[in-house]
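Reading through the structure tokens given below for one structure.
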Number of protein chains: 2
Amino acid sequence: MEIQVLKKIKQQGNRLTKPRKLISEIFTKVKYPLTAQEIQSLLKNENINIDLTSVYRTINLLVSAGLIDKIDWGDGRKRYEIVRSEKHHHHLVCDNCGTVENIVFKDEQWLIDRIKKKIKFQIKRHSLEFFGLCQKCH
Amino acid sequence: MEIQVLKKIKQQGNRLTKPRKLISEIFTKVKYPLTAQEIQSLLKNENINIDLTSVYRTINLLVSAGLIDKIDWGDGRKRYEIVRSEKHHHHLVCDNCGTVENIVFKDEQWLIDRIKKKIKFQIKRHSLEFFGLCQKCH
DNA sequence: CTCTATGCAAATAATTTGCAAGCAC
DNA sequence: GTGCTTGCAAATTATTTGCATAGAG
């Protein structure tokens, strides 16, 4: 998986630099949406210092390459998550403790296809996020 | 509709000031999600000058009162739209021209209820937005 | 008249841009 | 070696906060 990301960066004519490798690795390891700051902190925990600017620039590169998806929770920070083609999922975000669970809908594609047939609008992306309380915080 | 909003502002012990009346009126008139800046501009078009700070503060008041909903399109700006209980809907946002169409799902509540039964997570809110190209921009 | 709400200025936060120096190829 | 990338500083954009004054009740 990780190797695929690095391969794709090169394929698109971009250089494989240390920040790009390290940030890609973070995305392959962490399974919930990350902000630029969180990526920088995770790297700092491993004693790696990458400038925030480079984090932002790498994020933009990975988005353009279609390797990560933007996830928005409406709190003024942009979050990004690796694209795992096998597992298109959505998130259950706990208002209290902030933990994130993933949720997969069996009929989602069927539903989207049905919507597409009904409307004249050409849907390219959609965003579906759930907020509430996780089991622990009930 | 507009009167209901003003009534509710007072009911909650808040004063009915000019900025609050004018901003509530904008929300009742405009049927797509607005940013703070857009609200200020719309008022400026009518030769009314309201400080951006007051727009933000009024937005927060209306959100707390449950009169407007936050809509997030992941572009770094928060948008707000009046709550119309009769018409729970989602948006089709055109990537090209920015126009917004509303979309209503007949089975949405049924779907949400079914999800709720399957999971241990207590869903309170959800956000569902579609992006793509409108009929004109195809 | 009292106390909340406003406007203005300044602070904070997230993200972007310009540019000289570093490093991938 | 060449030119894309990085790090640092500064700029930009969105939003929030402090405070004196205006105005709703």
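Letters A, B, ... mirror the listed sequences (proteins, then strands); counts begin at 1.
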Exercise for review: Using heavy atoms to find the nearest nucleotide of DNA chain D for Thr35(B) and Asp51(A) separately, return the residue whose nucleotide is more 5′.
Suggested key: Asp51(A)

Practice item. Examine the side chains of Glu81(B) and His89(B) and answer whether a donor and an acceptor come within less than 3.5 Å of each other. Key: yes

Between the protein and nucleotides 17-21 of chain D, which nitrogen or oxygen pairs come in under 3.5 angstrom?
none

Review point. In terms of side-chain geometry, is the basic nitrogen of Asp107(B) or Arg114(A) positioned less than 4.0 Å from the acidic oxygen of its partner?
Key: yes

Practice item. Select one nucleotide: of dG7(C), dT15(D), dT15(C), the one nearest the side-chain heavy atoms of Tyr56(A). Key: dT15(C)

Review point. Hey, are Gln109(A) and His88(A) close enough side-chain-wise for a donor-acceptor pair under 3.5 Å?
Key: no

Exercise for review: Within residues 67-81 of chain A, find the residues that approach DNA chain C with a heavy atom at under 4.0 Å, and present them sorted by residue number.
Suggested key: Gly76(A), Arg77(A), Lys78(A)

Review point. So do Phe130(A) and Ile112(B) actually touch side chain to side chain, heavy atoms under 4.5 Å?
Key: yes

Revision key, fill the gap. Heavy atoms of Val55(B) and Ile23(B) approach each other most closely as CA-CD1, 3.8 Å

Practice item. Determine, stepwise, if the pair Val63(B) / Asp69(B) fulfils side-chain contact (heavy atoms from CB on, under 4.5 Å). Key: CA-CA 6 Å; Val63(B) 169; Asp69(B) 270 341; over 6 Å; no

Revision key, fill the gap. Rounded to the nearest 0.5 Å, the CG atom of Asn60(B) sits from the OH atom of Tyr80(B) at a distance of 6.0 Å

Review point. At what distance, to the nearest 0.5 angstrom, does CD1 of Ile123(B) lie from CD1 of Ile103(A)?
Key: 6.0 Å

Exercise for review: Name every residue in residues 11-20 of chain B that has at least one heavy atom under 4.0 Å from any atom of DNA chain C, in order of residue number, or write none if there are no such residues.
Suggested key: Asn14(B), Arg15(B), Thr17(B), Pro19(B), Arg20(B)

